[in-house]
Amino acid sequence: MADMRRLKNAVFLSVITSLALVGILPIAHITGAVLYNGTKALIHAGPSFLWRAPGDPSTGEIGGIGPAISGTIALLLISMLIGFPLSFLAGVYLHEFPQSAISRILMPATNLLLEIPTVVTSMFVYLVLVVPMGRFSALAGGVALSLVMLPYVTTHVREALDAVPVDFKEAGYALGLDRAKVLFLVMLRAARRGLITALLMAVAKSVGETAPLLFTIGGSGEIGYLGLGRPTSSVQLLIYRFAASPFPARQEAAWGASLILFLLFIGVFALLRKAQRGP
Amino acid sequence: MRDWLRPVLASAALLILLVLGAMILFLTYKSVPVLSREGLSFILDSGWIASEGGEEYYGIAAALLGTLYTSAIAVALALPVSVSLSVFVVEMAPRKIRTVLEGAILMMALLPTVLYGLWGLTYLGPFLLRYVMCPLHGSLGWFPLFSEEPKTGNTILTAGVLLAIMITPYMTAIIKDAYSSIPREYREGLYALGTTRAEAILVLLRMVKSSIAVAVVLGLGRAAGETVAVSMVVGNTMGISISPFRPGYTISSLIANQFGNAFLYRLMPSALYGSALILMGISTAIAVLGLWLARRWSIKWRI
C-alpha cells in the first residue's frame, strides 16, 4: 500500500516535471534557431546588411534591411510619443479618480481594448487615417502601435501609483501641496520603478507587434523612414512578408532581420526584468 | 485654479473611450452592406466568391470554424502544460531555477509574434508533418480526425500547436499567481496529515480551480485574436474538414491575407469588416466572461 502511494507520487511528479520542460522547450529552441540562422545570414550578407536595401531576389543577392531598421526605429519613437503620454495621463486619472463616472467606464474599457485583436486595430486605423490621407504612412503605423500599447501602459501606471502607501499622499496634502504637486513631487518619484516598467512594456509592445502595421505603413522593405506622412517599412513586416517568399535570398534576409529584431527585443527585455526585480 | 490637473487627465481618459467607441461604430457601419445582403448566411455559409463586376458572395463559416478549431487545440494543449509549469515553478524548482524559469515565461509572453511565426513555418510545421501527422495518418487513417492525407506542414494542427506555445505564458501567469498565493498553513496542514507531495499538489490545485477556469477563458480569447503568427502557418486555404491535418483559415488570417487586395472588389471590403466585427465580438464576449469570472472570484494577476 505504501509502495503504491510512493510509486504514484513519483509518477505524478515526473509527469509534472516533463510537462513543465515541454512548456519551456519552445522558447529555448526559438532562441537557438534565431541566433543560429540569423548569424549565418549576417555572415553571408556582410555588415552592409545593416544599411543596404534588400537585394534583387532573382539574383540570389540578400542585400540588407537598412530601410526597415530606420522604419522600425521611427515607428517606435512615433508610437511612444503618441501612446505613452496619453496612456500615462489616463493611468493617473484612474488612480486619482477611481470612483468617477469616466473611470467606471474606462476601467473595463481598457481590459476590453487589451483583448481586441490587433489586426482589427490595423483595419480601424486604415479607415480613419490611411483612407483620408490617401496613402499609407509612418504616422498611421505609429498610431496603430500606440493603440495597442495603450491598455498595457494605462494598467501598469495605475497599479504603480496604487502601490504607493497612502501615507505618502496624506503627508503631501498635509504640507499644503495641491494635487498636481503631490503627484509630481511625491507620487511619481515613489512609484518610479513601476513607471519604468510601464515605459518598457510600451517599448516591448511596439517592437513586438506586427499585425497593427499590416494595413497602415505600406512599405515592404525598399523604402525607409521618409517622413510622418509617407509610407515606410519595418523589420517586423519585412520578416512577415519575406518569410513566405519562394526565394532563398529573401528567406535568409528574413532570418537576418529576425536576429536584429531579437537583439532589440532582448535589450528591452533585460531592462524590463531589471526594473521588475529591483536592485 | 486649484485643480487644473483633473481636466487634463480626464480628457486623456475620454479620448481613449472615444477611440474605442469609434472603433466599434466604424466596424459596424462598414459591415452593414454585407450583413444586410447576406444576413445570417454570412457566418453560416462557406463560399468565398470574389469576382470583379460579376456576382460576389462571401461566407466565413470555414474561417470561423478554423478560429474555433485552432483555439480549442491551443487551449487543450496549453492547459496541462501551464498547470504543470505553475506547479513546477512554485513547488519544485530550486530558487535559482525558479528565477530563470520566471524570466523565460515573461520572455515567451512578450517575444515578437512574427518570430513565433517564422519559427513555426521553418521548424514546427515540418516537424509536426514528419513526426505527428504522417505517422498518425499512416497507422490510424480510418479515424476521422486523422483521415486527411497530410501534404504540407502548414495546417490547422500546426496553427493550434503554435498558438498553444504562445498562450502558455499567459495562462501560466494566471495559474501561478493563484497557486503561489495559497497560504502556507494549508501546505503544512496537508503534509502534517501525512500526504505525499503528489496528493498535496492535487488538493492545492483543486483550491485554485477558479483561476484555472479564468486562464482557460482568457487563453481562448488570446488564441482567437492572434493574427501574424497564425497566418504564417495555417496554410490560408478555404475549406471545412474534421481533420486538422489540412491547411485552413482563421478569421484573423483571412483578414491579413485578403484585406490588401479587397478594394478591387465591390463587396469584399465590407465582408472583411464584417469578419473583423465577428472576431471582435468573439474576443469581447470571451474577455467579458473571463473578466467577470475573475472579478466574481476576485482573481488578480500580472502580465
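Numbered from 1 within each chain, the chains take letters A, B, ... in sequence-line order.
- A pairwise comparison of heavy atoms in A256(B) and F215(A) identifies CA-CZ, 3.9 Å as the closest pair.
- Residues L110(B) and V268(A) have side chains not in contact (no heavy-atom distance under 4.5 Å, counting atoms from C-beta outward).
- In this structure, the portions of A22(B) lying under 4.5 Å from any heavy atom of chain A include both its backbone and its side chain.
- The CG atom of L115(B) sits 14.5 Å away from atom OH of Y240(A), with the distance rounded to the nearest 0.5 Å.
- With a threshold of 4.5 angstrom between heavy atoms, L15(B) approaches chain A through side-chain atoms but not through N, CA, C or O.
- The residue among I102(A), L25(A), L214(A) with the most heavy atom pairs within less than 4.5 Å of chain B is I102(A).
- The residue among P108(A), P85(A), S103(A), A211(A) with the most heavy atom pairs within less than 4.5 Å of chain B is A211(A).
- Taking CE of M92(B) as the reference point, atom CD1 of I16(A) lies at 7.0 Å (rounded to 0.5 Å).
- Once rounded to the nearest 0.5 Å, the distance linking CD1 of I16(B) with CG of L94(A) reads 8.0 Å.
- If you take NE2 on H29(A) and CH2 on W119(B), they are separated by 7.0 Å, rounding to the nearest 0.5 Å.
- Between chain A and the residues T99(B), V8(B), V83(B), the most heavy-atom pairs under 4.5 angstrom are made by T99(B).
- A 4.5 Å side-chain heavy-atom check between F124(A) and V19(B) finds at least one atom pair inside the cut-off.
- Residues of residues 268-278 of chain B having a heavy atom under 4.5 Å from any heavy atom of chain A, listed by number: L272(B), Y273(B), A276(B).
- E102(B) has its side chain within reach of R273(A): a pair of non-hydrogen atoms, C-beta onward, lies under 4.5 Å apart.
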Discussion item. Run L114(A) and R222(B) through side-chain contact (heavy atoms from CB on, under 4.5 Å) and show every step you take.
Written reply: CA-CA 10 Å; L114(A) 193 77; R222(B) 289 262 155 194; 3.8 Å; yes
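- Of the atoms belonging to L111(B), heavy atoms from both backbone and side chain fall under 4.5 Å from chain A.
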Practice prompt. Begin with the C-alpha distance, continue with both residues' side-chain angles, and end with the deciding distance and a verdict on side-chain contact (heavy atoms from CB on, under 4.5 Å) for L9(B) and R179(A).
Written response: CA-CA 12 Å; L9(B) 299 177; R179(A) 194 191 290 282; 5.7 Å; no
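- Of residues 194-202 of chain B, those residues with a non-hydrogen atom less than 4.5 Å from any non-hydrogen atom of chain A are, in numerical order, G194(B), T195(B), T196(B), R197(B), A198(B), E199(B), I201(B), L202(B).
- Using a 4.5 Å cut-off on side-chain heavy atoms (C-beta onward), M23(B) and I116(A) make contact.
- S84(B) contributes atom OG, which lies 12.0 Å from atom CD1 of I24(A) (distance to the nearest 0.5 angstrom).
- Put simply, of I105(A), L237(A), T155(A), V125(A), the one with the most heavy-atom pairs under 4.5 Å next to chain B is I105(A).
- Counting heavy-atom pairs closer than 4.5 Å to chain A, the top-ranked of the candidates V288(B), T168(B), T113(B), L27(B) is T113(B).
- Counting heavy-atom pairs closer than 4.5 Å to chain B, the top-ranked of the candidates V120(A), L127(A), V11(A), L113(A) is L127(A).
- Scanning both residues, G225(B) and P117(A), for their nearest heavy atoms gives O-CB, 3.6 Å.
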Discussion item. Walk me through whether Y116(B) and I30(A) qualify under side-chain contact (heavy atoms from CB on, under 4.5 Å).
Written reply: CA-CA 7 Å; Y116(B) 279 109; I30(A) 293 172; 3.6 Å; yes
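- Classified by interplanar angle (parallel below 30°, tilted 30° to 60°, perpendicular above 60°), the ring pair Y123(B)/W255(A) is perpendicular.
- Expressed to the nearest 0.5 Å, how far CG of L183(A) lies from CG of L5(B) amounts to 6.0 Å.
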Worksheet item: What's the verdict on side-chain contact (heavy atoms from CB on, under 4.5 Å) for V22(A) and L85(B), showing C-alpha distance, side-chain angles and the deciding distance?
Response: CA-CA 9 Å; V22(A) 166; L85(B) 204 51; over 6 Å; no
